[in-house]
Structures are given as structure tokens and as C-alpha cells.
2 protein chains.
Amino acid sequence: MESALSSHHDKGQALLYLTDEQLRQGIEAMFFAYRGFTADPDRILAQFSYGRAHHRALHFINGAPGTTVNNLLNILGVTKQSLNRVLRSLIEDGLVESHVGKKDRRKRHLFLTVEGVKLEQKLSNAQRLRMRSAFRTAGPEAVAGFRTVLEAMMDPKMRNTYSNMRDNGS
Amino acid sequence: MESALSSHHDKGQALLYLTDEQLRQGIEAMFFAYRGFTADPDRILAQFSYGRAHHRALHFINGAPGTTVNNLLNILGVTKQSLNRVLRSLIEDGLVESHVGKKDRRKRHLFLTVEGVKLEQKLSNAQRLRMRSAFRTAGPEAVAGFRTVLEAMMDPKMRNTYSNMRDNGS
DNA sequence: TTGGAATGTCAACAAGGCTGACATAAACTT
DNA sequence: AAGTTTATGTCAGCCTTGTTGACATTCCAA
């Protein structure tokens, strides 16, 4: 599907790195890497009869304690109905607490319980372990490039969300 | 792997880039970027009442025409029942053809039809468009880093699969 | 000829997306 | 104050796509 030019690397990557074949490799790299990225937490979650959706909720509540359901909705990009199901099970199981807002009593503020923090840490430790290993193998410059490309690949709206998190969180 | 000095502190990122906060940012970057990565094809697929599973099948059959069901199973990492359902609908709709093997008549070799190629191109054009734009924005060195980190993040088994594809396909 | 491998099918089930309908609280209009 | 609108959260039901288990078929290979 691509020209005969892309035969071997290092010919001057500056000119070649946007060929269809390079892009295809990027696409497949994303696919396989994302599978690796989620594999370790998935195994842990399965032991608790939870799924990735629970992990995501725990992760972002942990990162922004007291966040509202609607805020979480925007971050996760799912419907409130879908999130609600996950949230309900986490609350029932005592991993998350939901408090009615004091200023605006329509809002629910979400917090991890001690148990919730425990599971969140178990999950993120596993995920960080793999990422740390990948970062170490690749080296700091590769990590910077990785972050740059990922950021450019996000939807602009989520890029803002992401940047705000980064700025507040560091 | 020399030290990158982009940060405000003089400690040198070489020492800092593996903090939990850096790793957390990497984790969230993966999450948001993957969503962007799949957003465009998802919109097209919805028009055809297909899902990501169909896209993945089309993608890998296109990349390796004549591949067998079992090979596809290994690449995609799903059960044969799950793949079979997707494959059946693609065959019924005339996007994929399944030919009994000549050497080994147990095996089915899969090919895209003209229609199948059409849809696959529509999908991958959309996906490449975003990736090309991200690559352009980030620049060649960032792209190299991106690829390096992603490769390190894969499961070893899939890393081999990925490398073989890259070597054969370029 | 028998065992195992590759494929396909049927059934049942679960996770986690979705939409629609609706309840409640707060804010806004009149 | 009353009624309307908006924001938020909940409940019910559907769909895709993953899972397991059971089982049939076909064919290669020892």
C-alpha cells in the first residue's frame, strides 16, 4: 500500500516519518501498547469482579477528592447512567462515599473510603510498575516524546482537561 | 539517555521523570490519547452499525491478506467465539471472504473484498489523519520516543508479534 | 485408525456502553 | 408565592462485545 521508499530506517527520518507505513505502525503500536497498559490492573480487577470502568472512577476520584458526578462525567466521557451503575456498586461495596453538596444540594461530592484508597493503590501500583519499567527502558527523551505525541493525539477538549489536571496536580 | 533539562528545577529530569506524579501523568495521557485515537473511526463505524471489533478485524486482515482465523485470534487476543461473531457479520455483509486452505483444509484464509478494502481505507484514513497531525505537531524526535515507549509497554509476546509485522510490512 | 488440532456453532451470561423516562433540587420568571 | 426551566441524578431496558462451556465437523499426523 505504500511506496518503495520506506524500505529501511534512518534515511532521514525527518522526511520519512509521515508515510502511511509509519502511521500504520503508530496505529498498531497504540493498539498493542494500550492492551499492555491495561493488562495488569485488569487482572486485579477481575479478582474483585470489577472492570475497567470501576478502575477509571477510582482513579479520578482519588485524583480529585470531592469531585462531583458531573465533573467525573466530563472527564470519563460516558453517560451519567453508565457512570451511575459503576458508582453505585462502588458505594454499596464501601469503596466510595457520596456526600450531598452543602452550597448546592443537587450535587454529590465523591470521596474514596479507606478501602477505596487501598484498591486504588493496588491498581495504580501495578500500572505504574509497568509504566516505570517502560519509561526506564526508553529513557527520558523518549518519555518526553511519548508525552508530546499523546497530548497532540487527544481531542482538544480533553487536552485542556488533561493540562489542568497536570498543572493542579504537580 | 542524557538528561533533559526542560523543567524549572535544576535537579535534572533524569532524576525526576520517574516520580509517581510523572507516572500518573503518563497513565492519564494514555487514557485520553487512546480515546482520541479511536474517536474518528468510531464515528464512521457507527454509521455502518459496526463496532471497534469489526475495525480491528478489517485492519489486520488488510495488513495480512490470507491470514488464518487462528492467527487473527492470537493478534486480537479474544476468543474464537467473539471473533467469529464479528467475522460472520463481515462475511455476510460481503466485506470479508473466507477461503478454505488448500494445503490444510481445516484452515480458513481471510481476505477483504473490494467493499471491505473500501471501508478499511475509510477507517484508516480517518485514523491516520489524526495520527499524522499529532506526529507533525510533535516532530520526528518525539515520534521516535513515542514509538520507543509504546513498544516497551507492550506485553513481550505482543512485542514480538508487533516487530514481525513491522519487519515484514516495511 | 485414533488422537489432536483447527474451525464453527449454539447457548448463556456479564460488563459497560447507550437512550428514554422520570424525580428532585435549585434557579429563574412572572 | 407560584410556576417554569435547568441541572443533576436514578431507574429500566437495549446493544455490542467480551467471556465459558458443550459439542460437531473436518482433516492432519503418528
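In the text below, chain A, chain B and the rest are named by the order of the sequence lines, each starting its count at 1.
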Side chains of B:T38 and B:R52, donor plus acceptor under 3.5 Å: yes

Of all heavy-atom pairs between [X] and [Y], which one has the smallest distance, and what is that distance?
{"X": "A:G26", "Y": "B:R147", "result": "CA-CD, 4.3 Å"}
{"X": "A:L123", "Y": "A:L45", "result": "CD2-CG, 3.7 Å"}
{"X": "B:F31", "Y": "A:L76", "result": "CZ-CD2, 4.2 Å"}
{"X": "A:I75", "Y": "A:T161", "result": "CG1-CG2, 4.0 Å"}

Can you measure [X] atom [atom1] to [N] atom [atom2] for me and round it to whole angstrom units?
{"X": "A:R43", "N": "D:dT19", "atom1": "CZ", "atom2": "P", "result": "14 Å"}
{"X": "B:L72", "N": "C:dT7", "atom1": "CG", "atom2": "P", "result": "10 Å"}
{"X": "A:H55", "N": "C:dG17", "atom1": "NE2", "atom2": "P", "result": "14 Å"}
{"X": "B:D42", "N": "D:dT17", "atom1": "CG", "atom2": "C1'", "result": "13 Å"}
{"X": "A:L76", "N": "C:dG16", "atom1": "CG", "atom2": "C1'", "result": "12 Å"}
{"X": "B:R85", "N": "C:dT7", "atom1": "CZ", "atom2": "P", "result": "18 Å"}
{"X": "B:Y50", "N": "D:dT17", "atom1": "OH", "atom2": "P", "result": "11 Å"}
{"X": "B:L45", "N": "C:dC18", "atom1": "CG", "atom2": "P", "result": "15 Å"}

Side chain to side chain, A:F60 and A:M165, heavy atoms closer than 4.5 Å: yes

Heavy-atom side-chain proximity of A:L129 to A:D40 below 4.5 angstrom: no

Presence of B:T79 side-chain N/O under 4.0 Å of D:dT19 phosphate oxygens OP1/OP2: yes

Phosphate OP1/OP2 of D:dT16 contacted by B:H54 side-chain N/O (<4.0 Å): no

Whether A:F48 and A:Y50 hold their rings parallel, tilted or perpendicular, with breakpoints at 30° and 60°: parallel

Short N/O separations, protein against nucleotides 1-3 of chain D, under 3.5 angstrom:
none

Does [X] get its side chain close enough to the base of [N], under 3.5 Å, for a donor-acceptor pair?
{"X": "A:R52", "N": "C:dG17", "value": "no"}
{"X": "B:Q81", "N": "D:dG21", "value": "yes"}
{"X": "A:R56", "N": "C:dG16", "value": "no"}

Sidechain-backbone polar pair: B:R128 side chain, A:D20 backbone, donor-acceptor under 3.5 Å: no

Between the protein and nucleotides 4-9 of chain D, are there any N/O to N/O pairs under 3.5 Å, and if so, what are the atom names and distances?
{"unit_1": "D:dA7", "atom_1": "O4'", "unit_2": "A:R106", "atom_2": "NH1", "d": "3.1"}
{"unit_1": "D:dT8", "atom_1": "OP2", "unit_2": "A:N70", "atom_2": "ND2", "d": "2.8"}
{"unit_1": "D:dT8", "atom_1": "O3'", "unit_2": "A:R106", "atom_2": "O", "d": "3.4"}
{"unit_1": "D:dG9", "atom_1": "OP1", "unit_2": "A:R108", "atom_2": "N", "d": "3.0"}
{"unit_1": "D:dG9", "atom_1": "OP2", "unit_2": "A:N70", "atom_2": "N", "d": "3.3"}
{"unit_1": "D:dG9", "atom_1": "N7", "unit_2": "A:K80", "atom_2": "NZ", "d": "2.5"}
{"unit_1": "D:dG9", "atom_1": "O6", "unit_2": "A:K80", "atom_2": "NZ", "d": "2.2"}

Value rounded to 0.5 Å, distance of CZ in A:F32 from CE in B:M158: 4.0 Å

5′-ward residue of the pair A:A53/B:L87 relative to DNA chain C: B:L87

Given DNA chain C, 5'-ward residue of the pair A:G101 and B:R88, judged by closest heavy atom: B:R88

